[in-house]
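Data block below; observations after.
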Amino acid sequence: MNTAIRILERFVFSQDSDVSALSGVACIGDDVYFVGDDVRYLLKTNRKNNITSTTVFEKIPLSEPSEQMPLVALSKEKKPDFEALTCIIFNEQPQLLIMGSGSTENRKQALLYNPSNNQIRTLLDAADYHFLEHRFELTGGAGLNIEAVCSDYRHLYIFQRGNINRCHGVLVFDLEGIQAGKPLKDALINSLNLTLPEIEGSASGISDAYFLADKNLIVATAAVEQTLNSYDDGVVLGSFILVFSPDGKTLATHLIQDAKGQTLPIKVEGITWLESRADGEVFLLVTDSDGGDSEVLTVLLSSSAFAKP
């Protein structure tokens, strides 16, 4: 059994709830935001409400009022495929970056949401995504499939899922340059190549990441899904929580298991930090069950989880 990870709470949201295909989670203050890959809105609640399977969320549209996008789940062909959600400091304010995967043309958009005034703007457009998909050090020649983004408030890390060809690339950008209006191609400062674990010979792919500033570490999730491309779903074998140095060195790998030591066949798609405790760090995880029920898990990563075995 993996004693480095302890599941504190686990809630299941049914298909007929407002929670759909969760793909990202982020916190700003006491507010918690979720995004799903088949919707064009954020779900918002407050940590003090104690998130449960019956929590009622506020829906925040991610479209201009003139667009009149319905606040419902969209088809696979029409969905924006928002796969990455993180908090960044932009114009000296905490804001949410919501990134599409870029796997099709209608998924090549990253939005910036400012909770202080509810303003939404496009931060990365199709030209930025076309730059990403042609960076071999990111994709290894596979189709673009952005699954994670995180920031240390000076840099922006953009992660390729990488399960198709086992090229787990990361591009690092100067956040100040992006804020000044530079396109991604002019703000690139570094590239990383991660090493990820497997389950039964099937490759995992990065599914989310969080920069834990107090420890100067990247805490990421990786899911193992048996699929041959970046579009179709497959059988999910399990998920990992990983710890990386800022330069991409793997420091720790932890398989998510239940209390009996059995691998949980869940597809963890989002992670964010909640609080520090004497015995470790508490994170919130979300899952995407590809048309089934989504889950929210609160987990404790013990202090030993951050040490290389």
>> When you compare the side chains of N114 and Q93, does any donor N or O come within less than 3.5 Å of an acceptor on the partner?
In response: yes

>> Per the salt bridge (charged side-chain N to carboxylate O under 4.0 Å, His left out) rule, what does the pair list look like for residues 174-199, sequence neighbours excluded?
In response: R166-E198

>> Can you pull out every salt bridge (charged side-chain N to carboxylate O under 4.0 Å, His left out) where at least one residue sits in residues 134-152? Sequence neighbours excluded, please.
In response: R135-E137, D152-R154

> Checking side chain to side chain donor-acceptor pair (under 3.5 Å) for the pair D37/S23: CA distance, chi angles, key distance, verdict?
Replying inline: CA-CA 6 Å; D37 67 16; S23 56; 5.3 Å; no

Applying side chain to side chain contact (heavy atoms under 4.5 Å, CB included), can you list everything that pairs with [X], at least two apart in sequence or on another chain?
X    : answer
I7   : R10, L264, L297, V299
N216 : F211, P246
T86  : I88, L97, V149, C150
N118 : Y113

>> Run the ring pair (Phe, Tyr, Trp, His ring centres under 6.0 Å) test against F240 and tell me which residues pass, sequence neighbours left out.
In response: none

> Taking the six-membered ring for Trp, are F34 and F57 parallel (under 30°), tilted (30 to 60°) or perpendicular (over 60°)?
Replying inline: perpendicular

>> For K267, is there an ion pair with E295 - N to carboxylate O distance below 4.0 angstrom?
In response: no

> Looking at E83 and R107, does any basic side-chain N land under 4.0 Å from a carboxylate oxygen?
Replying inline: no

> Could you go step by step and tell me if T122 and Q109 meet the side chain to side chain donor-acceptor pair (under 3.5 Å) rule?
Replying inline: CA-CA 7 Å; T122 298; Q109 184 184 43; 3.3 Å; yes

>> Could you list the cluster mates of F136? Members are the ILVMFWY residues connected by side-chain heavy atoms closer than 4.5 Å, either directly or through other members.
In response: none

Residue list, salt bridge (Lys or Arg N to Asp or Glu O under 4.0 Å) with [X], at least two apart or on another chain:
X    : result
E92  : none
D279 : R6
E275 : R277
D30  : K48

> Does a sphere of radius 6.0 Å around CG in D214 hold more than 12 heavy atoms from other residues, nucleotides or ligands, not counting ones at 6.0 Å or beyond?
Replying inline: no

> Yes or no on side-chain contact (heavy atoms from CB on, under 4.5 Å) for L42 and L96, after CA distance, side-chain angles and deciding distance?
Replying inline: CA-CA 10 Å; L42 293 171; L96 293 176; 3.9 Å; yes

